[in-house]
Amino acid sequence: MNVSTETASVQPDLEPVPDPDPEAAPARRRWLRPVAALLVLALLGVGATLFVQGRQLRDTPATSNHALTDSAATARVAGDVSSALGKVFSYNPRSTAATKESAKDLLAGRALQQYASLFGQVEKQAADQKLTLTSQAVRTGVTRLSGSSAHLLVFLDQVYEREGKTATTAAAQLSVTAELRGGHWRIVDITSR
């Protein structure tokens with residue numbers, strides 16, 4: 001028995017198989033391109049959607065409120081506003097002009113307008129009644145801080161003294177809006193609570 005002749009007869013034929021429909025190949029390529037383009041567009045759309053959703057998760061109100069994340073800036077605005085309130089709400093019969101000038105430097109916008117209308121009455125009463133008012137911020141909380149704007153809640157202790165009478169202490173609670181202008185925090189709105 002001859003082994004080599006049997007092996008030669010078992011080998012497959014290596015001729016290429018002809019395409020049953022030679023015109024079908026270009027047609028397949030024609031519909032493959034739009035499908036590929038749609039697939040790319042779908043992937044881009046999904047990627048853009050995921051990007052936007054990721055930004056929304058990072059940009060929550062809590063993360064944009066620097067009062068929660070920037071302790072140095074929070075301490076600075078709280079200190080500036082507390083100091084300003086102590087200056088503009090403290091006066092004696094001989095220093096109302098100085099208090100009024102301090103208000104022009106420390107207040108702006110609506111807060112300055114409110115203060116100017118009220119302080120005219122206070123000036124007369126302070127001189128007539130020999131009234132001294134000393135105000136001190138005892139608690140200041142920054143509720144919102146973003147860029148150049150801050151919202152605060154301030155608790156003041158105020159001591160009223162009339163010449164020859166016992167001093168009276170009162171508490172005040174204020175909502176304050178401040179803006180950073182020229183490197184200094186200025187109070188732009190004050191609301192009594």
Side-chain angles (χ1 to χ4, degrees), residues 45-123 125-126 131-161 166-193:
V46 169
T49 302
L50 290 174
F51 176 77
V52 168
Q53 288 177 346
R55 293 287 296 172
Q56 288 173 345
L57 289 174
R58 284 191 303 257
D59 295 340
T60 64
T63 58
S64 65
N65 184 358
H66 298 290
L68 303 173
T69 58
D70 189 345
S71 58
T74 302
R76 180 175 177 219
V77 69
D80 287 356
V81 168
S82 296
S83 175
L85 291 172
K87 289 176 183 173
V88 299
F89 290 126
S90 295
Y91 55 83
N92 66 49
R94 295 167 304 283
S95 71
T96 55
T99 302
K100 191 188 268 187
E101 285 303 310
S102 290
K104 289 178 184 176
D105 289 336
L106 302 169
L107 305 177
R110 184 173 173 219
L112 184 57
Q113 294 168 353
Q114 292 170 321
Y115 188 85
S117 67
L118 292 174
F119 199 73
Q121 301 166 7
V122 168
E123 237 176 335
Q125 291 176 355
L131 179 64
T132 300
L133 174 66
T134 306
S135 298
Q136 180 180 9
V138 290
R139 293 269 189 238
T140 303
V142 181
T143 58
R144 181 129 188 87
L145 175 61
S146 57
S148 61
S149 179
H151 298 277
L152 302 94
L153 182 60
V154 182
F155 295 90
L156 294 174
D157 275 349
Q158 297 181 304
V159 179
Y160 298 88
E161 295 179 69
T166 307
T168 304
T169 302
Q173 182 179 351
L174 305 173
S175 289
V176 177
T177 302
E179 290 181 359
L180 188 60
R181 296 182 179 179
H184 300 286
W185 285 99
R186 300 194 191 268
I187 297 170
V188 295
D189 190 34
I190 301 171
T191 306
S192 181
R193 298 192 81 167

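Throughout, numbering of the chain's residues begins at 1 and tracks the sequence. FYI, side chains are in, hydrogens and waters are out, and symmetry mates aren't considered; it's all heavy atoms of this structure.
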Can you find a pair of side-chain heavy atoms, one from [X] and one from [Y], that are under 4.5 Å apart?
X	Y	result
I190	F89	yes
T177	R110	no
S90	T99	no
I187	V81	yes
L133	V159	no
H66	V77	no
N92	E161	no
N65	S146	no

To the nearest 0.5 Å, what is the distance between [atom1] on [X] and [atom2] on [Y]?
X	Y	atom1	atom2	result
L107	K87	CG	NZ	11.5 Å
L106	Y115	CG	OH	9.5 Å
L68	R144	CG	CZ	8.5 Å
R139	L152	CZ	CG	15.0 Å

Worksheet item: So T96 and F119, side-chain contact (heavy atoms from CB on, under 4.5 Å) or not? Walk me through it.
Response: CA-CA 9 Å; T96 55; F119 199 73; 4.0 Å; yes
Fill in: S95 side chain vs Y91 backbone, donor-acceptor pair below 3.5 Å
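Checked: no pair found.
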Worksheet entry | Donor-acceptor pair between Q158 and S135 side chains, under 3.5 angstrom |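 Side-chain D/A pair, Q158 to S135: present.
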Discussion item. Under the criterion side-chain contact (heavy atoms from CB on, under 4.5 Å), I'd like the reasoning laid out for L156 against L174: C-alpha separation, chi angles, the key distance, then a yes or no.
Written reply: CA-CA 8 Å; L156 294 174; L174 305 173; 3.6 Å; yes
For the residue pair [X] and [Y], what are the closest heavy atoms and their distance?
X	Y	result
A103	V88	CA-CG1, 3.6 Å
H151	S149	NE2-OG, 4.1 Å
Y160	A170	CE1-CB, 3.9 Å
D189	A111	N-CB, 3.6 Å

Practice prompt. Applying side-chain contact (heavy atoms from CB on, under 4.5 Å) between R76 and each of D70, V142, L180, report the one that passes.
Written response: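 Answer after filtering D70, V142, L180: L180.
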